[in-house]
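The next block holds one structure in the form of structure tokens; read it before the comments.
In what follows, residues are counted from 1 in the order of the sequence shown.
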Amino acid sequence: EARLVESGGGLVQPGGSLRLSCAASGLAFDKYTIGWFRQAPGKEREGIASIDLKTGRTYYVDSLRGRFTISSDNAKNTVYLQMNSLKPEDTANYYCAADPELDKIRLGAPLNALYVRGQGTLVTVSS
């Protein structure tokens, strides 16, 4: 059974940094694209970044490029999201999702159309 488990969330002050992890199991890791998404209460899901694990190519939403960085450790079947210069508006539940089709992740297909997603990790940015 394919599974994604996120970790690394928590409370951080504005301007701080966090690194989130998305650990995958039960799937052929390097044949998938994994993306990070977030959803704040009362707001729509927002795509953040994705990585095509077949090629290593990364994709970002323009508004977060430069502050957030996606990377992977294929030996550990884990994708990371490094988040810097965090702002209160970054507060959200962050989760990862995987699919063998790049565009379904990159273009934000409906969640029920994606192969697997995690439950998320909560990030709170507050002083």
Please check if the side chain of [X] supplies one atom and the backbone of [Y] the other of a donor-acceptor pair under 3.5 Å.
X	Y	result
Q39	E46	no
T78	K76	yes
R45	G108	yes
N84	S17	no
K54	Y32	no
R67	S85	yes

Identify the two heavy atoms, one from [X] and one from [Y], that lie closest to each other, and give their separation to 0.1 Å.
X	Y	answer
N74	N77	O-OD1, 3.1 Å
V61	G47	CG1-O, 3.4 Å
Q119	N93	O-ND2, 3.4 Å
C22	I34	SG-CG2, 4.2 Å
A113	D99	O-OD2, 3.7 Å
S21	W36	O-CH2, 3.6 Å

Could you measure the distance from the [atom1] atom of [X] to the [atom2] atom of [Y]? Nearest 0.5 Å is fine.
X	Y	atom1	atom2	result
L11	S127	CG	OG	9.5 Å
I48	S63	CD1	OG	9.0 Å
R57	S50	CZ	OG	10.0 Å
D52	T58	CG	OG1	10.0 Å

Evaluate the side-chain proximity of [Y] to [X]: yes if any heavy-atom separation is below 4.5 Å, no if none is.
X	Y	result
T33	L53	no
P14	P88	yes
R3	S25	yes

> Are more than 12 heavy atoms from other residues, nucleotides or ligands located less than 6.0 Å from atom CD of E44?
Replying inline: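 Not more than 12 within 6.0 Å, no.
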In this structure, would [X] and [Y] fall into the same cluster of hydrophobic residues linked by side-chain contacts under 4.5 Å?
X	Y	result
L102	L114	no
V116	L20	yes
I105	F68	no
L81	V79	yes
I51	Y95	no

> Can you name the one residue among T91, V123, L64 that meets side-chain contact (heavy atoms from CB on, under 4.5 Å) with R38?
Replying inline: L64
> Under 4.0 Å between a Lys/Arg side-chain N and an Asp/Glu carboxylate O for D90 and K87?
Replying inline: no
> Does the cation-pi check pass for R65 over Y60, that is, NZ or CZ under 6.0 Å from the six-membered ring centre and within 45° of its axis?
Replying inline: no
> Would you say the ring centroid of Y94 lies under 6.0 angstrom from that of F37?
Replying inline: no
